[in-house]
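Because the structure is predicted, anything quoted here is derived from the model rather than measured. Residue numbers start from 1 in every chain, and the chains themselves are labelled A, B, ... in the order their sequence lines are given, proteins ahead of strands.
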2 protein chains.
Amino acid sequence: MKLSTRGRYGLKAMFDLALYYGEGPISLTNIAERQAISVNYLEQLISPLRKAGLVESVRGAQGGYMLSRAPGAITVGSILTTLEGPLAPTDCVVIDGGEDFCDHSQYCVTKVIYEKIYESITSVVNSITLQHMIDDYENNQDSMIVHTICECK
Amino acid sequence: MKLSTRGRYGLKAMFDLALYYGEGPISLTNIAERQAISVNYLEQLISPLRKAGLVESVRGAQGGYMLSRAPGAITVGSILTTLEGPLAPTDCVVIDGGEDFCDHSQYCVTKVIYEKIYESITSVVNSITLQHMIDDYENNQDSMIVHTICECK
DNA sequence: TTTAATCCCTAGTTGTTTACTAAGAAATCA
DNA sequence: TGATTTCTTAGTAAACAACTAGGGATTAAA
């Protein structure tokens with residue numbers, strides 16, 4: 001039940017982009033340095049985020065990436081599910097037409113539980129936007145707390 | 001963010017034991033057959049459940065396993081965390097004294113999110129007991145729905 | 001027009017984890 | 001004594017995670 005580095009790094013990168021929202025394209029080199037992630041690996045994470053329409057890219061020198069819309073319009077859920085797939089404890093709650101997949105899934109006592117877990121996770125991550133993270137970040141800076149984004153494992 | 005077979009099989013096995021609660025020890029062979037799990041593998045799952053005090057064993061012929069207390073007193077959360085470890089999206093929300101683990105974890109904008117996810121999952125699984133599953137199971141049987149426990153993946 | 005910076009894409013690699021299988025020792029009932 | 005069952009450990013094949021590596025395409029600036 002752990003997130004992989006894909007989701008964690010991707011969220012860090014998107015938060016980084018959110019801090020620079022409105023300031024033109026930010027290069028992956030910059031993000032990678034600040035967030036201590038390899039550029040090559042970061043490229044592999046930003047690619048699905050771009051395809052999902054969460055970021056836009058500018059190619060060539062002085063190019064980079066920027067959020068495709070305001071931080072308040074991008075949820076943590078959209079980022080994490082883009083990089084990790086559905087945040088579900090089992091596949092059965094997420095794959096439909098499960099007749100060949102799982103015979104009695106609609107009546108399964110355990111599936112009911114997995115669905116509740118899925119809903120609760122989804123509800124949390126969909127209610128948090130990048131803007132919330134920025135607000136949190138800036139509040140803590142005001143109160144003189146060194147508030148960084150850490151190497152959360 | 002998926003449960004492994006350890007948690008899923010373990011929950012199925014515990015539900016099976018709950019259906020026979022009060023009827024003496026049930027052998028792993030029986031459970032394994034009903035739930036379509038290899039006996040050898042099931043042995044490896046029941047072992048931590050016993051060490052966690054969730055089931056008791058009777059050795060020797062006609063032996064087996066039984067719940068250590070009523071189904072209403074055993075939560076799904078206790079079963080899943082015994083087999084999967086803490087149902088947390090990251091280690092940082094669960095390991096304390098994280099100074100060497102994660103420098104700024106107490107001020108981390110992403111950790112706040114991971115903690116909320118952790119809390120919501122924990123709250124769901126801790127609120128469901130094996131008795132709830134039995135009630136659900138029997139309700140559906142009453143209404144003539146073939147309610148099985150499926151091969152949830 | 002060249003150069004450097006950057007995005008973009010794919011393939012390969014290494015280590016870890018998962019999901020078992022296998023096998024044998026210890027205990028207990030008939 | 002023999003069958004049944006728990007208990008424990010070791011091994012293994014396949015999948016997955018977390019990258020590394022390298023090269024092509026695009027563009028701004030010198």
For atom CD1 of B/I26 and atom C1' of D/dT5, their distance in whole Å: 13 Å
Does a side-chain N or O of A/T5 approach OP1 or OP2 of D/dA18 to a distance below 4.0 Å, or not? yes
On the side chain of B/E43, is there an atom forming a donor-acceptor pair with the base of D/dC7 - under 3.5 Å, no angle test? yes
On a plain distance test, is the side chain of B/Q44 in donor-acceptor contact with the base of C/dT21 below 3.5 Å? yes
Below 4.0 angstrom from OP1 or OP2 of C/dC20, is there any side-chain N or O of B/S38? no
B/I37 CD1 to B/Y9 OH distance, which is reported to the nearest 0.5 Å: 6.5 Å
A/L42 CG to D/dT20 P, in whole Å, measures 12 Å
Establish whether B/I134 and B/L17 are linked, either directly or via other cluster members, by ILVMFWY side-chain heavy-atom contacts under 4.5 Å. yes
Using a 4.0 Å heavy-atom cut-off across all strands, classify A/I46 as base, sugar-phosphate, or nothing. nothing
Holding to side chain to side chain contact (heavy atoms under 4.5 Å, CB included), I want the full list of residues that pass it with A/A52, two or more places apart in sequence or in another chain. A/L54, A/T82
Reckon B/Y41 has a side-chain N or O less than 4.0 Å from the OP1 or OP2 of D/dT12? no
Starting at CG of A/L3, measure out to CE of A/M1 and round the result to the nearest 0.5 Å. 9.0 Å
Would you mind reading off the distance between B/I37 atom CD1 and C/dC20 atom C1', rounded to a whole angstrom? 12 Å
One should read off an interatomic distance between B/S123 OG and A/K116 NZ, to the nearest 0.5 angstrom, of 11.0 Å
Is the distance from OP1 or OP2 of D/dT5 to the nearest side-chain N or O of B/S57 less than 4.0 Å? no
Within the sub-3.5 Å range, which N or O atoms of nucleotides 25-27 of chain D have a protein N or O partner, and how far apart are they?
| unit_1 | atom_1 | unit_2 | atom_2 | d |
| --- | --- | --- | --- | --- |
| D/dA25 | N3 | A/R59 | NH2 | 3.4 |
| D/dT27 | O2 | A/A61 | N | 3.3 |

Could you state the interatomic distance from OG1 (A/T122) to CD (A/E119), rounded to the nearest 0.5 Å? 7.5 Å
Per nearest nucleotide of DNA chain C, the residue lying toward the 5' end, A/T29 or A/N40, is A/T29
Side chains of B/Q131 and B/D135 only: does a donor on one sit below 3.5 Å from an acceptor on the other? yes
